[in-house]
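Both ligands and their constituent atoms are indexed starting at 1 by order of listing. Position 1 is the first residue of the sequence; numbering continues from there. Below, all heavy atoms of this structure are taken into account, side chains as well, without hydrogens, waters or symmetry copies.
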Amino acid sequence: MKGIESVRAYQEDIIESIPSTIIVLDGGLKILYANRNYYVKSGKKERDVIGERLDRVFSQMLIEKTRIDEKIRQVFETSVPFNGGQLRYPGGLFFFYKIHPLKEADMSIRKVVLLMEDITELTRLEEELRDSYVKLENAYAELKEEDEAKSDFISTASHELRTPLTVINSYLEMFEEGLLGELSGNQDEKIAIIRTQTDHMIKLVEDMLDTLRLESRKFKIQRVSLKLDEIARSAVDEVSRLADLKEHTMSLKINGDLPRIWGDRQRIKQVFGNLLTNAIKYTPNAGKINVELKNENGHLLVSIADTGIGIKEEEQEKIFEKFYTVSGKSLTSESERMGHGLTIARGNVEAHARSIWDKSSLNRGSTFYFTLPKGE
Ligand SMILES: Nc1ncnc2c1ncn2[C@@H]1O[C@H](COP(=O)(O)OP(=O)(O)OP(=O)(O)O)[C@@H](O)[C@H]1O
Ligand SMILES: [Mg+2]
């Protein structure tokens with residue numbers, strides 16, 4: 001009891017000092033009471049407020065715009081509180097208001113409380129946020145348009161390059177097979193250089209087309225039942241010359257008898273190829289590259305670990321993005337870093353409804369993992 005009494009003692013102080021406006025009105029819309037906050041906000045004097053009708057205290061324009069007088073009358077008539085509207089004062093002040101009926105002992109309503117909360121700052125922040133959002137949306141639309149234009153350009157250019165490359169490649173093959181006559185040692189050497197460069201160009205064009213296909217969802221895989229260890233062996237075999245050039249030691253560990261998988265041979269080989277060439281490229285000479293295949297619950301797990309330059313934690317997810325390459329010092333020239341390999345690898349693995357991820361620490365090597373579904 002004592003507690004309640006003491007609360008009553010400072011009830012008035014509370015009402016007077018809270019940072020909200022409280023106004024009590026009677027049925028004739030006369031103001032019976034206003035707390036200190038109202039006088040501070042409005043700059044009015046008590047003698048010009050108490051006993052006056054609302055429409056003589058609030059500005060005419062404000063009343064006409066908000067119809068607050070009608071809302072108060074409605075609360076008197078229905079006894080239902082009015083739960084929210086906004087008052088906008090000239091000069092940019094914003095208030096949120098509520099009207100609450102005050103029930104007398106006999107349950108009649110002879111007074112209502114008008115509660116007003118200054119939301120100027122909140123509204124300003126909200127407007128700022130809305131502005132930023134619109135700006136962001138516009139910037140995104142612009143970027144998207146630019147990105148689409150770029151993709152269109154790359155797609156057209158890649159398709160255009162394919163035909164001349166096929167012609168160059170077939171004549172090159174004729175030279176290599178001796179169909180155009182015996183070549184001197186010097187010519188052989190030059191043809192070998194043209195071969196390396198042509199292969200590089202063909203790979204680039206195919207990678208660009210694959211990356212764009214992935215985006216446009218034109219990417220299709222054809223699944224059959226496969227032996228993953230066979231694919232892994234041939235993929236390791238194919239890059240072994242490249243690994244030898246850098247004196248890397250490569251190993252392939254197959255844990256136990258692996259069940260067959262259900263997937264697209266070419267695409268899975270491409271995943272191995274892209275991850276293995278990365279491991280070779282981004283590892284200083286005489287490094288170690290270990291490939292491991294494991295049978296796990298529901299899938300087969302492949303890991304490809306290297307002892308290379310590693311990847312900073314903040315880049316470990318980004319490297320899978322389209323055209324993303326890690327900037328700064330690297331073991332390779334910029335022209336060898338196109339940022340296609342991992343995007344395609346991820347697209348391939350995800351087309352098999354599986355995932356690919358990496359774990360790495362800078363200067364301590366990287367391990368890339370991917371899973372593939374078991375098949376019959
Ligand atoms: N094993 C790795 N060790 C360290 N960094 C790596 C490794 N694999 C990838 N990276 C980093 O991730 C980036 C993206 O790799 P990604 O294979 O997508 O493209 P790329 O190797 O630059 O070019 P390409 O299109 O020829 O594959 C690389 O540029 C490299 O910085
Ligand atoms: Mg790569």
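Numbered from 1 in the order shown, with element, the atoms of ligand 1 that lie under 4.0 Å from a heavy atom of Ser366 read 2 (C), 3 (N), 4 (C). Residue Gly310 has at least one heavy-atom neighbour below 4.0 Å for each of these atoms of ligand 1: 4 (C).
Regarding atom 26 (O) of ligand 1, its nearest protein heavy-atom neighbour is Lys281 NZ, 3.6 Å. Among protein heavy atoms, atom 25 (O) of ligand 1 sits closest to His340 N, 2.8 Å. Scanning all protein heavy atoms for the shortest distance to atom 17 (O) of ligand 1 gives Asn278 ND2, 2.8 Å. The protein atom (non-hydrogen) at minimum distance from atom 18 (O) of ligand 1 is Leu342 N, 2.8 Å. Nearest to atom 12 (O) of ligand 1 among the protein's heavy atoms is Ile319 CG2, 3.2 Å. Looking from atom 21 (O) of ligand 1 to the surrounding protein, the closest heavy atom is Tyr282 OH, 2.8 Å. Atom 24 (P) of ligand 1 has as its closest protein heavy atom Gly341 N, 3.7 Å. Shortest contact from atom 14 (C) of ligand 1 to any protein heavy atom: Tyr324 O, 3.3 Å.
Residues Ile23 and Phe58 form a side-chain contact, since some pair of their non-hydrogen atoms from C-beta on lies under 4.5 Å apart. Annotation: side chain of Tyr33 is not in contact with side chain of Tyr38 (no heavy-atom distance under 4.5 Å). At a threshold of 4.5 Å between non-hydrogen side-chain atoms, the residues Val57 and Ile31 count as touching.
Only side-chain heavy atoms of Asp306 come within less than 4.0 Å of ligand 1; its backbone N, CA, C and O stay farther off.
Separating the CG atom in Leu62 from the CZ atom in Arg67 is a distance of 10.5 Å, to the nearest 0.5 Å. Of the inter-residue distances, the one linking Glu292 atom CD with Ile304 atom CD1 reads 11.5 Å to the nearest 0.5 angstrom.
Cation-pi geometry between Arg213 and Phe219 is not satisfied (NZ or CZ under 6.0 Å from the ring centre, within 45° of the ring normal).
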Side chain to side chain contact (heavy atoms under 4.5 Å, CB included) between Asp55 and Leu29, intermediate numbers included | CA-CA 8 Å; Asp55 53 5; Leu29 265 54; over 6 Å; no

Check against ring-ring contact (aromatic ring centres under 6.0 Å, His included), Phe272 and Phe370 | CA-CA 10 Å; Phe272 273 105; Phe370 64 93; 5.4 Å; yes

Run the numbers on Lys65 and Leu87 for side chain to side chain contact (heavy atoms under 4.5 Å, CB included), then give the verdict.
-> CA-CA 9 Å; Lys65 261 177 121 177; Leu87 287 176; over 6 Å; no

Under the side-chain hydrogen bond (donor to acceptor under 3.5 Å, both in side chains) criterion, do Glu315 and Tyr324 qualify, and how do the steps go?
-> CA-CA 10 Å; Glu315 312 232 58; Tyr324 192 89; 2.3 Å; yes

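Judged by the shortest distance from any of its heavy atoms, Gly339 lies inside the 4.0 Å radius around the atoms of ligand 1. Not a single heavy atom of Glu315 sits under 4.0 Å from any atom of ligand 1. The shortest heavy-atom distance from Phe320 to ligand 1 is not under 4.0 Å.
Listed by chain and residue number, the protein N/O/S atoms under 2.8 Å of the Mg ion (ligand 2) are Asn278 OD1, with waters left out.
Distances between N or O atoms of Ile311 and those of ligand 1 include no value under 3.5 Å. For ligand 1, none of its N or O atoms has an N or O atom of Arg337 under 3.5 Å away.
A donor and an acceptor atom, one from each side chain of Glu16 and Asn37, are nowhere located under 3.5 Å apart.
Between Phe323 and His340, the angle of the ring planes goes over 60°, which puts this pair in the perpendicular group of the 30/60° scheme.
Heavy-atom minimum distance, Glu117 versus Pro19: OE2-O, 4.1 Å. Of all heavy-atom pairs between Ser151 and Leu212, the closest is O-CD1, 3.6 Å.
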